[in-house]
Student: 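Here it is, the structure, as structure tokens.
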2 protein chains.
Amino acid sequence: MSKGQETRQRLLDSAQQLMYSRSYSDVGVQEICKDAKVQKGSFYHFFSSKSSLTVEVLEQLKMQMIKSILLPAFAKDLTPAKRFERFIEYAYHYQVQIQEEYGYVLGCPMGNIALEMSTQDEEIRKKVEMLFESIFHVFVDVLDDAKAVGEIDNNADTSELAQVCLAYGEGVLLMAKTKNDPEVVKQLLPHVSKLIGFKHK
Amino acid sequence: MSKGQETRQRLLDSAQQLMYSRSYSDVGVQEICKDAKVQKGSFYHFFSSKSSLTVEVLEQLKMQMIKSILLPAFAKDLTPAKRFERFIEYAYHYQVQIQEEYGYVLGCPMGNIALEMSTQDEEIRKKVEMLFESIFHVFVDVLDDAKAVGEIDNNADTSELAQVCLAYGEGVLLMAKTKNDPEVVKQLLPHVSKLIGFKHK
DNA sequence: ATTCTAGTTGACCGCTCGGTAAAGTCAACC
DNA sequence: GGTTGACTTTACCGAGCGGTCAACTAGAAT
């Protein structure tokens, strides 16, 4: 990676970390630059605005999330139902680890930005909508698998169920953040199986 | 209401409306004052800080929400299951009306502030947690009714189910706001009956 | 009539915000 | 060895931030 690309990456990483642990508005360009050890002028050499930096942060966030949680959790070495159980464990442990590191449960980095910025920055809203779309597809895949092996009703609308799962997951993370308690994830997320309608044998 | 209390109320109303339609950080004390036609000095005569004003806004929000949506929707003139259906309709129409008025689906005013402020202002986080607690009790009541009339399993943990309902509702509103589409509410919220486990006769 | 006080006014504080501009540095390529 | 262009540095902009302050007004209580 060239020197410029390294600088750029440091800005993305600092922004991601700071915005996740606080909020978009509470973190300024100045602070991002200080954290990344980059001068403000350089910031605007790489990014046209705070908003466009954020769009790239969101893209990076999605890739990390898919690579480090979604794909491992939903790997096809287990039955779909078991994959969901694994996903719940991953989500729980991630929030536990975050709380240990920051002192706060931080919830979903995409959901956080979505609620804060959807009405204020159309580009950011669109981007988050697309991220959810990507995650949605991952869910559809597993649910289609579940249908194929007969774990769920053959007439189930997997596309709608995927949306339902996503919404429920976001809701649980919102509650966990509000209560600052990762146990909420462990306690509530398993109810997702009722939404999906797994046939318990 | 005395003159002072009227001024105070105007500040609360302006703050509530502006913060709901944008965000906590994006709305300044100055703008709230301008909207309420109050000088800044008066603001700090009534409220010790922007943060404490917000705590009072949240309290007001809770009362309005309970009085204008929760109590009417869950009134005991219908069976618990039907009450939930009515609640879904109310939630949907509220978001439709908001979108017509502001051009954006704004989601849940409490959830919005929860995600933005939970890690930044402990008093606000605590307050939101208490608001959710109040709403939680409303849900527990209906669910207990449902249990009493045999609409749900007699061994159901109504306390846990209430939390689940709340989380799901918040999640659905988050998705609706992100997609800026109130139809999300109409489409996804009915799935809550699967979480509750209504016995369809 | 005077005192008290709740409420109002508007100027002011230090600070940070997102963003700009211009000069300077350095390595690669001709 | 000179030129180019990517990258960096630093000073700067107007505006707005949350919050303070002292002077003022008006109405009620004494």
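Side-chain atoms are counted along with the backbone in the values below, which use heavy atoms only and exclude waters and symmetry mates. Chain identifiers are assigned alphabetically (A, B, ...) following the order of the sequence lines, protein sequences preceding nucleic acid strands; residue numbering begins at 1 within each chain.
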Student: List the atom of A:Pro182, the atom of A:Val105, and the distance in Å for their closest heavy-atom pair.
Tutor: CD-CG2, 3.5 Å

Student: Which whole-number value in Å describes the distance from A:Asp121 CG to C:dG18 P?
Tutor: 13 Å

Student: Answer yes or no: is there an ion pair linking B:Asp153 with B:Lys147, defined by an N-O contact shorter than 4.0 Å?
Tutor: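 So B:Asp153 does not pair with B:Lys147 through a salt bridge.
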
Student: Once you round it to whole Å, what is the distance between P of C:dG19 and CD1 of A:Ile32?
Tutor: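 Computing the A:Ile32:CD1 to C:dG19:P distance gives 11 Å.
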
Student: Quick one: list whatever passes side chain to side chain contact (heavy atoms under 4.5 Å, CB included) with A:Gln30, sequence neighbours left out.
Tutor: A:Lys40

Student: Starting at CZ of A:Arg8 and ending at P of D:dT8, how long is that distance when rounded to a whole Å?
Tutor: 12 Å

Student: Taking NZ from B:Lys34 and P from C:dT8, how many angstroms apart are they, rounded to a whole number?
Tutor: 20 Å

Student: How close or far is atom C1' of C:dT5 from atom CZ of B:Phe46, stated in whole angstroms?
Tutor: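 Distance check: B:Phe46 CZ to C:dT5 C1' gives 13 Å.
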
Student: Between A:Leu11 (CG) and C:dG19 (P), how many Å, whole number?
Tutor: 14 Å

Student: How does each nucleotide of nucleotides 13-23 of chain D score, in 5' to 3' order, for protein heavy atoms under 4.0 Å: base (B), sugar-phosphate only (S), or none (-)?
Tutor: ----SBBBB--

Student: Can you tell me how far P of C:dG19 sits from CD of A:Gln39, to the nearest Å?
Tutor: 18 Å

Student: Does a salt bridge link B:Glu122 with B:Arg125, judged by any charged N lying under 4.0 Å from a carboxylate O?
Tutor: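 Counted as a salt bridge, because a side-chain N and a carboxylate O are separated by less than 4.0 Å.
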
Student: Any luck finding a side-chain donor-acceptor pair between B:Asp35 and B:Gln17 under 3.5 Å?
Tutor: no

Student: Residues in side chain to side chain contact (heavy atoms under 4.5 Å, CB included) with A:Lys179, at least two apart?
Tutor: A:Met175, A:Asp181, A:Val184, B:Glu129, B:Gln163

Student: Rounded off to whole Å, could you give me the NE2-to-C1' distance for the A:His45 and C:dA21 pair?
Tutor: 15 Å

